[in-house]
Amino acid sequence: MSDTLWYESRLYFDPDQAGEDLGFLHPDDLYKQHQWVWRCFVDSELTQADFMFRVDMALPVPTVFIRSKRQLKEAIKSWKIVTQTQQEQLKEAGLVQFSLRANPTVDITPKGEKTRRHDVLMHAKKQAQRANSNVNEAVDIAAKAWLDKKLQKGGLELLTQCIEFSNYKQHKVVKKDGARPIQLSTLDYFGVAKITDVQKLEQALFNGIGRSKAFGCGLMLIKPL
C-alpha cells in the first residue's frame with residue numbers, strides 16, 4: 001500500500017434528525033449535489049482535486065460516498081457519518097467487486113477539423129445507425145470497451161462475463177443563471193475484475209476514473225473477493 005492517505009466516508013440520511021431535506025441531492029441536479037458536498041468540509045483551502053463523491057438515492061437509505069484528502073465536518077445535520085482512512089490491503093492477482101458511476105467520453109478528430117468530445121454511447125449509437133447495424137449491440141460493446149481501457153490503465157483486468165451497466169442519464173448542468181449549460185452523461189457500472197498492478201490501482205482509486213468528477217463521477221468503490 002502506498003503512503004498516500006485518503007479518507008473514505010459514507011453519509012447515511014437520518015430522517016429522525018432535525019435538519020435539511022434531500023432537495024440539494026436531487027439526482028437530476030448535479031451542480032447542487034456538488035455544492036452540498038463542498039459544504040461538508042470545514043477546510044477553507046479545499047479544492048476540487050481534494051475529493052470525489054457519488055450520491056445514491058436508490059439505496060434503501062439515501063447515501064453519499066466521499067473519498068477525500070481532507071476530513072469532513074464532525075457533524076452534518078440529518079446525516080450519520082462513517083469515516084475511515086483507506087487501509088485496504090490489495091493483492092496482485094486478487095479479485096475485486098467494483099462499482100463506478102462514470103461519464104464515458106471519447107475524443108474524435110475528423111480529418112481537417114478540431115477534436116471534439118463525444119458521449120461514448122451516443123457516438124456508438126449514431127455510428128451503428130449510419131451503418132444500419134445493431135444499435136443495442138454497438139452501444140453495449142462501446143460501453144464495455146471504454147471501461148476495459150480505463151481499468152487496464154488503472155491496474156485491473158475486467159472480467160467481461162461479470163459486468164453490467166445501467167442507469168444511463170443525460171444531464172444539463174447550469175452553474176448560474178444565463179450561463180451556458182454543461183452537457184454530460186452518466187452511466188453506472190458494476191462488475192468483477194482482477195488486480196494486475198496494485199500501485200496503478202491505488203492511483204486510480206485516488207485520482208478517479210474518467211471525467212466530470214466535480215459532478216459525482218469517477219469514484220470507484222471496490223471490495224476484495
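For clarity, every value in this text was computed on a predicted model and none was experimentally measured. Note: hydrogens, waters and symmetry copies are ignored here, and every other heavy atom, side chains too, is used.
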Are any side-chain N or O atoms of [X] and backbone N or O atoms of [Y], one a donor and one an acceptor, separated by less than 3.5 Å?
| X | Y | value |
| --- | --- | --- |
| Tyr12 | Val64 | no |
| Trp146 | Thr105 | yes |
| Thr63 | Val61 | yes |
| Arg67 | Leu205 | yes |
| Asn207 | Gln203 | yes |
| Lys73 | Arg39 | yes |
| Thr85 | Tyr7 | no |
| Arg101 | Val55 | yes |

> Are Trp79 and Phe13 close enough that their ring centres sit under 6.0 Å apart?
Replying inline: yes
> Under 6.0 Å between ring centres, would you say that holds for Trp38 and Phe51?
Replying inline: yes
>> Is the ring pair Phe53/His34 parallel, tilted or perpendicular, if the boundaries are 30 and 60 degrees?
In response: tilted
Decide if atom [atom1] of [X] counts as having more than 12 heavy atoms of other residues, nucleotides or ligands within a radius under 6.0 Å.
| X | atom1 | result |
| --- | --- | --- |
| Asn132 | CG | no |
| Arg116 | CZ | no |
| Glu74 | CD | no |
| Gln199 | CD | no |

If we count only N and O atoms by modelled type, under 3.5 Å, do the side chains of [X] and [Y] hold a donor and an acceptor together?
| X | Y | result |
| --- | --- | --- |
| Asp148 | Gln152 | yes |
| His171 | Thr186 | yes |
| Asp119 | Ser185 | yes |

Distance from [X] atom [atom1] to [Y] atom [atom2], nearest 0.5 Å?
| X | Y | atom1 | atom2 | result |
| --- | --- | --- | --- | --- |
| Asn103 | Leu187 | CG | CG | 10.0 Å |
| Leu156 | Leu147 | CG | CG | 9.0 Å |
| His123 | Arg117 | NE2 | CZ | 14.0 Å |
| Thr47 | Arg70 | OG1 | CZ | 6.5 Å |
| Thr109 | Lys114 | OG1 | NZ | 12.0 Å |

> Can Asp14 and Lys80 be said to form a salt bridge (Lys or Arg N to Asp or Glu O under 4.0 Å), step by step?
Replying inline: CA-CA 6 Å; Asp14 185 354; Lys80 177 185 177 182; over 6 Å; no
> Think Arg54 forms a cation-pi with Phe65, using NZ or CZ under 6.0 Å from the six-ring centre and within 45 degrees of its axis?
Replying inline: yes
